[in-house]
Number of protein chains: 2
Amino acid sequence: MQAKTDLFPPDLARLAEAAKALGHPARLAILQTLAERGACVCGEVVDELPLAQATVSQHLKALKAAGLVRGEVDGPRSCYCVDGTALRALADGLGGFLAPLLDALPPDDDADCC
Amino acid sequence: MQAKTDLFPPDLARLAEAAKALGHPARLAILQTLAERGACVCGEVVDELPLAQATVSQHLKALKAAGLVRGEVDGPRSCYCVDGTALRALADGLGGFLAPLLDALPPDDDADCC
DNA sequence: ATCGGTTATCGCAGATGTACGATATATTCT
DNA sequence: AGAATATATCGTACATCTGCGATAACCGAT
């Protein structure tokens, strides 16, 4: 199927894209690891995860494609780090999406809907 | 492939699951529609989206499986509404995940990482 | 130039997601 | 009962994701 993502408002499409990047525990773990280590570590990420090197590389590629992570070639090894700006933008985007929804909801009850 | 989601901390797995539910523009649009209409509308969601009825029903099912939406059968039509508690929990979960990452980052610069 | 270590990419396989038409189901109305 | 409407599910087709081994590409050191 062709991705019908262009039939939706571009902001929704973008947000969905970013959410999809968070949609796998390995990628969440990668982000945590990169952030914990202060800056960018390379293949140590592989050691942190219960996945093969090839698989981790793919997840890193996905995060890079989503813009959440930047990678630089540093000699024989590669160097990844969280893109703070992008991560902040993502947090803002999610907040900007979710907050109005929560506001629009009945303030107190969560019991019945109909 | 078996989903290796059980090789990761359960909180990461749960958050990834929720993020995946937001990982499609149609589902974001559905959430918006349901929230806008105050409470629960049924097949009006189908009219709002550029998708076939069967496809919308599937997305609704996915949102229901993720716990973000509740559905009740109301006579000949079905009635969906956003689960405010679950949505708040999701917002908190995302915030709780992203905030520490942002804190751990170098506060100002977003230039280089290595 | 070659070796050794690190990372990216390829190719494959199985699973899951996306979308739709067709069909089943359920409920109201006549 | 039967028709009409609304929704869910089934079956299908294709796309994408996930994971891994194997291999290529790259770079520093010997």
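Naming convention: chains lettered A, B, ... in sequence-line order (proteins, then strands); numbering from 1 in each chain.
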D/dT7 P sits how many Å from B/Leu51 CG, rounded? 16 Å
Roughly, in whole Å, what's the span from CG in B/Leu63 to P in D/dT7? 16 Å
Rounded to whole Å, the NZ-C1' distance (A/Lys61 to D/dT16) equals 14 Å
Spacing between B/Phe8 atom CZ and D/dG19 atom C1', to the nearest angstrom: 11 Å
Is there a path of hydrophobic side-chain contacts, each under 4.5 Å between heavy atoms of I/L/V/M/F/W/Y residues, joining A/Val73 to A/Leu34? no
Nucleotides 2-8 of chain C: which of its N/O atoms have a protein N/O under 3.5 Å away?
residue: C/dT7; atom: OP1; partner: A/Gly43; partner atom: N; Å: 3.0
residue: C/dT7; atom: O3'; partner: A/Ser78; partner atom: OG; Å: 3.0
residue: C/dA8; atom: OP1; partner: A/Ser78; partner atom: OG; Å: 3.3
residue: C/dA8; atom: OP1; partner: A/Tyr80; partner atom: OH; Å: 2.5
residue: C/dA8; atom: OP2; partner: A/Ser57; partner atom: OG; Å: 3.1
residue: C/dA8; atom: N7; partner: A/Gln53; partner atom: NE2; Å: 2.8
residue: C/dA8; atom: N6; partner: A/Gln53; partner atom: OE1; Å: 3.1

Given atom NE2 of A/His24 and atom P of D/dT16, what is their separation to the nearest angstrom? 18 Å
Can you check the B/Glu72 CD to D/dA8 C1' distance for me, whole Å? 17 Å
Membership question, hydrophobic clusters at under 4.5 Å side-chain separation (ILVMFWY): are A/Leu7 and B/Val46 in the same one? yes
Going by atom type alone, with no hydrogens or angles, which donor-acceptor pairs under 3.5 Å involve a side-chain atom of residues 49-59 of chain A and a protein atom two or more places apart or on another chain?
residue: A/His59; atom: ND1; partner: A/Arg27; partner atom: NH1; Å: 3.0

Go through B/Leu68 and B/Asp83 one step at a time and tell me if the side-chain contact (heavy atoms from CB on, under 4.5 Å) criterion holds. CA-CA 5 Å; B/Leu68 294 178; B/Asp83 185 324; 5.8 Å; no
Sequence neighbours excluded - salt bridge (charged side-chain N to carboxylate O under 4.0 Å, His left out) pairs with any residue from residues 47-67 of chain B: B/Arg37-B/Glu48
Between D/dC20 and A/Thr55, is there an OP1 or OP2 to side-chain N/O distance shorter than 4.0 Å? yes
Here's a test of your reading of the structure: between A/His59 and A/Val73, which maps to the more 5' nucleotide of DNA chain D? A/His59
Please state how far atom CG in B/Asp47 lies from atom P in D/dT5, giving the value in whole angstrom units. 14 Å
Taken to the nearest whole Å, CD/A/Glu17 to P/C/dT18 is 11 Å
Before giving the answer on side-chain contact (heavy atoms from CB on, under 4.5 Å), spell out for A/Leu101 and B/Val82 the whole-Å C-alpha distance, their side-chain angles and the decisive distance to 0.1 Å. CA-CA 9 Å; A/Leu101 297 197; B/Val82 178; 5.7 Å; no
Between the CD atom in A/Gln32 and the CZ atom in B/Phe97, the distance rounded to the nearest 0.5 Å is 4.5 Å
Please evaluate the base of D/dA8 for a donor-acceptor partner in the side chain of B/Gln58 within a cut-off of under 3.5 Å? no
